[in-house]
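Down below is the structure, laid out as structure tokens.
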Amino acid sequence: MKHLYLYVALLSFCCFPVKMQAQGAIVDERVELTNIVFGLAGIPEYSVNPMRGYTEEVKEYFKDYEEHPIFEHIWKMRSEGHVSYGRIIGTAFCLNIKNGRVLADTVSVTLEEAGEGQWSKENFEIYVKLLDDFYRKSDFHRFFIRNKELYKEAKSVIDYSLDMIRPEWFESFIGQSLEMPDVYVMTNSINNFSFVPEKDTKFPFSIFMSYNGQDSLMFYYQGFPVVLHEIMHFYSNSMALPYFPQVEQSIAKMSEQVWDKMAKLAIGTHESVFTEWFTDFLMIAYLNDNNPDIFRQSLMRTTYTDGFFWTLRLWDFLKEHFYADNETYATITDFMPRIAECINFTGNDMEHVMAECEHNIPYVTSVYPLPGSDLATYGKVDSVTVRFSIPMNKATGVANLKTGEGVTPFINTMAMDAYWKDSTTLVIPIFSIPKSGTCGIILDKWFTQSVNWLCLKEDYVIEYFVKNKN
């Protein structure tokens with residue numbers, strides 16, 4: 001999902017926006033302070049940001065405070081208590097910025113709720129003291145005010161997605177009305193976090209959305225599924241967890257196959273694998289019903305990029321037995337016993353499930369002229385024909401052929417000249433070839449995609465040599 005396109009029509013999505021909340025996304029100085037400080041400390045989940053201009057501005061503004069003791073304390077907490085991901089940003093709600101000072105405020109939100117048990121009271125008290133010192137000495141508020149237009153833009157972009165959410169779907173599909181949580185803007189991170197409060201706690205319904213510096217239209221493709229995912233947590237967790245004991249062994253068996261991908265998503269337990277997957281599953285169902293233009297790539301991202309390789313089989317099961325049987329199952333909640341049973345069935349059929357996933361990844365089945373051959377022996381060569389194992393996304397394949405390092409390109413051959421003979425056959429015109437030496441091209445894996453938005457496993461090199469051309 002690294003490369004996305006803007007030419008898909010938004011007609012069905014944009015015609016009937018539904019305003020969900022008057023305030024929209026919220027810009028909160030406590031949230032930005034927290035994520036910037038942990039970013040400056042070098043905590044990985046808070047130090048990667050595609051908004052390079054903003055990142056550089058942060059580093060430049062706070063460069064005189066690189067040795068501030070708060071950063072040493074942050075890494076001490078990290079090593080001792082593993083404070084990470086949402087357990088960090090959640091503590092922004094335990095702060096109060098008043099009269100130019102940062103103070104602890106654990107009345108409205110307790111430290112246990114916000115930090116999910118990862119923060120000790122002693123560590124938090126030291127942290128707040130150091131944070132207050134950093135805030136005052138660096139004049140953080142001045143930096144925050146200076147970037148208010150950026151935060152305003154970030155808010156408007158996220159509001160674009162929030163306004164498009166259809167509340168009636170939640171009622172008809174899940175059987176519950178949509179209660180929109182508060183959404184906070186966070187501009188110094190690529191990660192998104194949600195907090196699903198336990199019943200009867202004081203913790204506010206809140207999700208934090210990062211902002212990657214794109215306009216509303218581009219955010220629709222990359223960000224809208226993320227917005228949905230975080231909001232779905234407020235429904236998926238309570239729906240999935242009662243069934244976890246029933247599926248625990250199967251989830252454990254399946255997740256072991258892709259535990260490295262789970263770790264990258266900060267998923268550390270089998271229970272969290274189950275809830276994260278089911279959250280994605282609800283998101284996919286929403287996109288299928290409301291946003292078919294981005295449904296397919298989200299389905300494939302969940303299956304392959306995120307590592308939930310059983311998703312395709314479960315999705316086919318849902319289509320065949322839930323969508324087609326409204327009389328027996330009024331909502332997905334009614335269908336949960338069947339989903340749990342299908343997960344167990346799938347967990348006992350791992351060999352075939354893995355084979356099904358592998359089959360969906362495209363690969364090259366033939367190239368003519370054959371790579372590694374002497375083009376001088378072929379007579380006239382005016383094109384290279386590449387055939388793939390499955391139907392391909394023609395637009396992406398045509399637009400993104402490029403020259404590889406160390407390979408001499410065919411003279412005057414450009415990506416725009418390539419065309420698709422049919423859904424599996426790409427033809428690359430050749431206008432001239434060198435009289436001797438090597439020549440060739442590379443099919444970039446990210447841009448050579450199937451109709452299901454799956455890429456080649458690796459860049460594909462097509463290289464020839466010309467021994468002696470008359």
Side-chain angles (χ1 to χ4, degrees), residues 1-5 7 257-258 260-261 296-297 299-301 303-305 307 309 312 351-352 354-470:
M1 297 300 103
K2 300 290 186 184
H3 308 283
L4 299 163
Y5 298 84
Y7 51 76
Q257 304 296 318
V258 286
D260 56 334
K261 292 185 177 181
R296 180 59 60 178
Q297 53 265 49
L299 174 61
M300 293 302 162
R301 176 191 58 76
T303 304
Y304 291 92
T305 306
F309 61 86
L312 282 178
E351 180 181 353
H352 291 119
M354 296 294 286
E356 290 166 8
C357 288
E358 190 71 18
H359 176 74
N360 286 315
I361 300 175
Y363 58 90
V364 174
T365 60
S366 70
V367 180
Y368 192 87
L370 291 167
S373 58
D374 181 357
L375 290 181
T377 65
Y378 276 80
K380 182 181 179 180
V381 177
D382 58 9
S383 66
V384 173
T385 301
V386 184
R387 186 179 295 277
F388 296 90
S389 58
I390 56 178
M392 304 294 286
N393 182 326
K394 297 180 181 180
T396 54
V398 171
N400 295 285
L401 295 173
K402 68 177 185 179
T403 302
E405 184 179 354
V407 180
T408 303
F410 291 115
I411 299 173
N412 296 328
T413 297
M414 300 178 66
M416 67 183 67
D417 298 313
Y419 65 91
W420 290 86
K421 181 179 179 181
D422 53 49
S423 64
T424 60
T425 308
L426 178 65
V427 179
I428 308 163
I430 302 300
F431 298 106
S432 62
I433 60 176
K435 293 184 177 180
S436 63
T438 61
C439 55
I441 55 177
I442 287 181
L443 304 184
D444 186 285
K445 66 177 182 179
W446 293 115
F447 291 101
T448 310
Q449 300 178 341
S450 72
V451 293
N452 288 327
W453 299 87
L454 294 178
C455 306
L456 297 175
K457 280 189 173 181
E458 57 188 7
D459 294 344
Y460 192 84
V461 179
I462 302 175
E463 186 173 354
Y464 302 101
F465 69 93
V466 181
K467 197 169 187 180
N468 284 300
K469 179 187 176 187
N470 295 329

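Every heavy atom of this structure was used, including side-chain atoms; hydrogens, water molecules and symmetry mates were not.
Legend: residues meeting ring-ring contact (aromatic ring centres under 6.0 Å, His included) with F388, ordered by chain and number and at least two apart, are W420.
For the pair P362 and S389, the tightest heavy-atom approach, listed with the atom from each and the gap, is CA-OG, 3.6 Å. Taking every heavy atom of both residues into account, Y464 and G372 meet most closely at CD2-N, 4.2 Å. Heavy atoms only, all atoms of each residue included: A376 and V466 are closest at CB-CG1, 4.3 Å. The nearest pair of heavy atoms linking K445 to K457 is CD-O, 3.6 Å. Listed here is the closest heavy atom pair of M392 and V451: O-CG1, 3.3 Å. What you find for A418 and P429 is that their closest heavy atoms are CA-CD, 3.7 Å.
When side chains are defined from C-beta on, I442 does not count as touching E463, because their heavy atoms never get closer than 4.5 Å. Proximity of P369 to V384: side-chain heavy atoms (C-beta onward) are separated by under 4.5 Å at one or more points. Annotation: side chain of R387 is not in contact with side chain of K421 (no heavy-atom distance under 4.5 Å). Between S450 and N360, the closest side-chain pair of non-hydrogen atoms is not below 4.5 Å.
For the atom pair CD1 (I428) and CG (D382), the distance works out to 12.5 Å, reported to the nearest 0.5 Å. Remark: E356 CD to E351 CD distance equals 11.0 Å, nearest 0.5 Å.
Remark: side-chain polar atoms of Y460 are not paired, donor with acceptor, to backbone N or O of T448 under 3.5 angstrom.
When each of V461, V367, D459, V386 is tested with L443 by the rule side-chain contact (heavy atoms from CB on, under 4.5 Å), just one qualifies, namely V386.
Contacts classified as side-chain hydrogen bond (donor to acceptor under 3.5 Å, both in side chains) and involving residues 362-371 (residues at least two apart or in different chains) are not found.
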